[in-house]
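Labels below follow one simple rule: chain letters A, B, ... track the order of the sequence lines, proteins then strands, and each chain is numbered from 1.
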Number of protein chains: 2
Amino acid sequence: MMKLMDTQPWLDDDQQELWQALLTVVIALPAALDRQLQREAGISNFEYGVLARLSMADEATMRLSDLARVCDSTLPRLSKVMDRFEARDWVVRRPDPGDGRYTLATLTGAGRQKLAESAPEHVAQVKRLVFDPLSAAQRRHLGTALTRIAATVRRELEGG
Amino acid sequence: MMKLMDTQPWLDDDQQELWQALLTVVIALPAALDRQLQREAGISNFEYGVLARLSMADEATMRLSDLARVCDSTLPRLSKVMDRFEARDWVVRRPDPGDGRYTLATLTGAGRQKLAESAPEHVAQVKRLVFDPLSAAQRRHLGTALTRIAATVRRELEGG
DNA sequence: TATTTTCACTTGCCGAGGCAAGTGAAAGGT
DNA sequence: ACCTTTCACTTGCCTCGGCAAGTGAAAATA
């Protein structure tokens, strides 16, 4: 153990503080968002993201594999979310006419409405928890840093 | 509710970008850490955090409720983690002599060893994913912003 | 002192997600 | 044309975590 600490030193104090704050954010922020969305809309933060992404797509339609990628999801996970959404008539699935291996998911009117209903409070919560505590400059800096980290993590998950 | 939408509508473009990056980080970063730790040590990122926190405590001993708070965990969740840890002889639980309602958890030698084994690669991964992509100034700014957000989110979860 | 309330934790039940194996469609090889 | 391989997804099995109800210990009230 001592030997390992020599070659691969631990985080220094500043790094420790940053790391602890990041851990709290990645653990507690999703928990807070989930609780509010679950209570007020009966969906998870992740499910909200799926609805939002689909609604932004052309024709509100995407291939599942593309949707999974932009939502940072595995395919099995998204598949099961789609099962739930289809059961509630929020989306419809059909094979891609051009290539039968792909599946196209389309947001229905009911799905769009569900999103519209849950959006205002969710957005307000995001603003309250993430944006309100920061100055404009801090937001800029945070955006820059997070974008870099996000890109690195994405590569990690795709390559690993 | 309507009032919120009037005064604070959707996120603007810069906010959208920040928000998307933050979503990727809170979703994909834990996933990446979990995968590596699971593969190489058979534990989750959360479990690693519990071991690490305990090891830092005086006598490697903490009340479960205190441990839960610093790990941003619920008590049921931590209780089940402790079941697993006790089954592997990584911790022992005993009632607090001073107040029988509290339970003290102590890290055993085996538990400390498990932590020491998994630490180097985990720390290296954290450095690679979080610190390496950033300049020194960016790290400082990120730390400042995340600390503020973390404090806000903590208050949210305790108060809600 | 007896009863009630408040803790700190545990347990049971259920839904969600990961992984590995299965299915069906297209592409590649012979 | 056939067989194999490679996709894109789906399904099954299992574990983890959330919530609500249960337990046992201390405090508060009477």
| Can you name the residues that form a side chain to side chain donor-acceptor pair (under 3.5 Å) with B:Asp66, not counting sequence neighbours? | B:Arg69
| remark: With sequence neighbours left out, the residues meeting side chain to side chain donor-acceptor pair (under 3.5 Å) with B:Asp132 are none
| task | Show your reasoning for whether side-chain hydrogen bond (donor to acceptor under 3.5 Å, both in side chains) applies to A:Thr24 and B:Asp72. | result | CA-CA 7 Å; A:Thr24 293; B:Asp72 300 298; 3.1 Å; yes
| query | What orientation do B:Tyr48 and B:His122 show, parallel under 30°, tilted 30 to 60°, or perpendicular over 60°? | reply | tilted
| message | How many whole angstroms separate atom CZ of A:Arg94 from atom P of D:dA8? | response | 18 Å
| Minimum side-chain heavy-atom gap A:Cys71-A:Leu67 below 4.5 Å | yes
| Nearest-0.5 Å distance that lies between atom OG1 in A:Thr61 and atom CG in A:Leu54 | 7.5 Å
| said: Counting primed atoms plus P, OP1 and OP2 as sugar-phosphate and everything else as base, spell out the protein contacts along nucleotides 12-19 of chain C at 4.0 Å heavy-atom distance: B, S or - for each nucleotide, 5' to 3'. | reply: BB--SSBB
| query | Residues from residues 53-70 of chain A sitting under 4.0 Å of DNA chain D, heavy atoms only? | reply | A:Leu64, A:Ser65
| Of all residues at least two apart in sequence or in a different chain, which pass the salt bridge (charged side-chain N to carboxylate O under 4.0 Å, His left out) check with B:Glu86? | B:Arg93
| Which pair of heavy atoms, one from A:Leu142 and one from B:Ala145, lies closest together, and at what distance? | CD1-CB, 3.9 Å
Could you list all N or O pairs between the protein and nucleotides 24-27 of chain C that sit under 3.5 Å apart?
from   : atom 1 : to       : atom 2 : distance (Å)
C:dA26 : OP1    : A:Gly100 : N      : 2.9

